Amino acid sequence: MRKQVFSGLGQILPLNMISLAAGRAARLKLPGSLGQPVCSAFVKAFGIDMSEAERPLEDYATIEDVFTRKLKPGARPIQGELVFPSDGILSMSGPANENSAVQAKGLDYSLAELMFGDDVPPDLYLGYFATIYLAPHNYHRVHSPIKGELKTIRYFPGQLWPVNKPSVRWTPSLFTRNERLVFDIETPDGCLYLAMVGALNVGRITTPFLTDFTSNGSRQQARQGPQTYDLDRTHRIVPGQELGTFMLGSTVIIAFDEALAKRYRMDQALSSRPVLLGEPLR
């Protein structure tokens, strides 16, 4: 019954328009001296640790500026060759079963569809996945978990369902419904796929590798359907290198192909816990 209720709400509520409006509000520069009190109240309400931020709070003009803040050098040391790509809660992880992943207890979704949409390669064999939820107080930039080559980015327009616990528990195929940006990272040992999944009030995702791209930018963008961006050159990236930014918060899902999962012996679920960018992924 609850699944039907959640699904029905998604049909009634204009989730993308709500997110677009929330994003515009977050980018609003208030006149005069109003901006600073608003940002300060926002930081206090969500318990954001500004001591790690690159700049003092008074340097941030909008709520979005606070959300997308950079960190001080050395705030997130990179502690190995395979690391967590972001701050957040490691909510789910484990072996991929026939290219599927666990969304919640008793609820699976297609990991292959998440990463490739309707154009899943016939020889794709995914071996492992990990899901990281970013709460509003978290640092919202996403980084590479591994050394490799970035050649392709895929964008999938979609809905913007909430990704909080109730929604994850009761909304079937939540992550494949939502808007997302997927990065293919090729290594000598196999491929890693990283999806930045949008959510309600997270109507914008950006990446430094597509300078003119912003997700949920217009209805025309959504009507164009999924887009594959073959980069004009191969980008050699290292663990900890920035891939993209959530303009508010959301979810990161990484998937290892079978060969890469074997290389790093990723064959067991990890304990659900808070994680930080740069910590060993184990």
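A quick note: this is a predicted structure, and the numbers were derived from the prediction, not measured.
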With R282 via side-chain contact (heavy atoms from CB on, under 4.5 Å) - residues at least two apart =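 In terms of side-chain contact (heavy atoms from CB on, under 4.5 Å), with neighbours along the sequence ignored, R282 is linked to P280.
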Not counting sequence neighbours, which residues clear side-chain contact (heavy atoms from CB on, under 4.5 Å) with E54? List them please.
->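 So E54 forms a side-chain contact (heavy atoms from CB on, under 4.5 Å) with K70.
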Qualifying residues under ring-ring contact (aromatic ring centres under 6.0 Å, His included), relative to [X], sequence neighbours excluded:
{"X": "F183", "result": "none"}
{"X": "F46", "result": "F42"}
{"X": "F175", "result": "Y109"}

Would you say [X]'s side chain and [Y]'s backbone share a donor-acceptor pair under 3.5 angstrom?
{"X": "T187", "Y": "G190", "result": "yes"}
{"X": "N178", "Y": "G198", "result": "yes"}
{"X": "Q103", "Y": "V168", "result": "yes"}
{"X": "R55", "Y": "A53", "result": "no"}

Start with the C-alpha gap between L134 and V252, add the side-chain angles, then the distance that decides, and say whether side-chain contact (heavy atoms from CB on, under 4.5 Å) holds.
-> CA-CA 8 Å; L134 285 74; V252 174; 3.9 Å; yes
Side-chain donor-acceptor contact under 3.5 Å, Y128 with E258 =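 Their side chains do not contain a donor-acceptor pair, so the 3.5 Å distance test is not met.
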Within-4.5 Å side-chain heavy-atom neighbours: [X] and [Y]:
{"X": "K262", "Y": "F256", "answer": "no"}
{"X": "T234", "Y": "L150", "answer": "no"}
{"X": "T245", "Y": "V142", "answer": "no"}
{"X": "L181", "Y": "L243", "answer": "no"}

For the [atom1] atom of [X] and the [atom2] atom of [Y], what is their distance to the nearest 0.5 Å?
{"X": "I237", "Y": "S144", "atom1": "CD1", "atom2": "OG", "answer": "3.5 Å"}
{"X": "L281", "Y": "L192", "atom1": "CG", "atom2": "CG", "answer": "9.0 Å"}
{"X": "L57", "Y": "S40", "atom1": "CG", "atom2": "OG", "answer": "4.5 Å"}
{"X": "F156", "Y": "Q227", "atom1": "CZ", "atom2": "CD", "answer": "10.5 Å"}
{"X": "R141", "Y": "F67", "atom1": "CZ", "atom2": "CZ", "answer": "13.5 Å"}
{"X": "D59", "Y": "R69", "atom1": "CG", "atom2": "CZ", "answer": "14.0 Å"}

Hey, any chance [X] and [Y] share a hydrophobic cluster, counting ILVMFWY side chains that come within less than 4.5 Å of each other, even indirectly?
{"X": "I205", "Y": "F209", "answer": "yes"}
{"X": "Y125", "Y": "F129", "answer": "no"}
{"X": "V38", "Y": "V66", "answer": "yes"}
{"X": "L276", "Y": "M196", "answer": "no"}

Do any side-chain atoms of residues 76-102 form donor-acceptor pairs under 3.5 angstrom with protein atoms, and if so which ones, sequence neighbours left out?
| residue | atom | partner | partner atom | Å |
| --- | --- | --- | --- | --- |
| R76 | NE | D87 | OD1 | 3.1 |
| R76 | NE | D87 | OD2 | 3.3 |
| R76 | NH1 | E52 | OE2 | 3.0 |
| R76 | NH2 | E52 | OE1 | 3.0 |
| R76 | NH2 | E52 | OE2 | 3.4 |
| R76 | NH2 | D87 | OD2 | 2.7 |
| E81 | OE2 | R263 | NH2 | 2.9 |
| E81 | OE2 | Y264 | OH | 2.8 |
| D87 | OD1 | L277 | N | 2.8 |
| S91 | OG | T131 | O | 3.4 |
| S93 | OG | L270 | N | 2.8 |
| N99 | OD1 | L126 | N | 2.8 |
| N99 | ND2 | L124 | O | 3.0 |

Under the side chain to side chain donor-acceptor pair (under 3.5 Å) test, which residues partner [X], sequence neighbours left out?
{"X": "Y139", "value": "H143"}
{"X": "T152", "value": "D230"}
{"X": "D49", "value": "S51"}

Name each donor-acceptor pair under 3.5 Å that joins a side chain in residues 111-119 to protein atoms two or more places apart or in another chain, with its distance.
none

Pairs satisfying salt bridge (charged side-chain N to carboxylate O under 4.0 Å, His left out), at least one member in residues 149-164, at least two apart |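 Every salt bridge (charged side-chain N to carboxylate O under 4.0 Å, His left out) pair that includes a residue of residues 149-164, provided the two are not neighbours, is E149-K151, E149-R236, K151-E186, R154-D184.
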Pair listing, salt bridge (charged side-chain N to carboxylate O under 4.0 Å, His left out) test, anchored in residues 267-277, at least two apart =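 Passing the test, one end in residues 267-277: no pairs.
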Any idea which heavy atoms bring S110 and T176 closest together, and the distance?
->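 It is O-CG2, 3.5 Å.
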Closest non-hydrogen atom pair between N138 and Y133, with its separation =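 Minimum heavy-atom contact is OD1-O, 4.1 Å.
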Is the gap between the ring centers of H140 and F246 under 6.0 Å?
->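 No, ring centres 6.0 Å or more apart.
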Given ring-ring contact (aromatic ring centres under 6.0 Å, His included), test Y155 with Y229 step by step and report yes or no.
-> CA-CA 8 Å; Y155 166 66; Y229 300 94; 7.5 Å; no
Please assess L194 against V182 for the test side-chain contact (heavy atoms from CB on, under 4.5 Å), listing each intermediate value before the final yes or no.
-> CA-CA 6 Å; L194 184 147; V182 177; over 6 Å; no
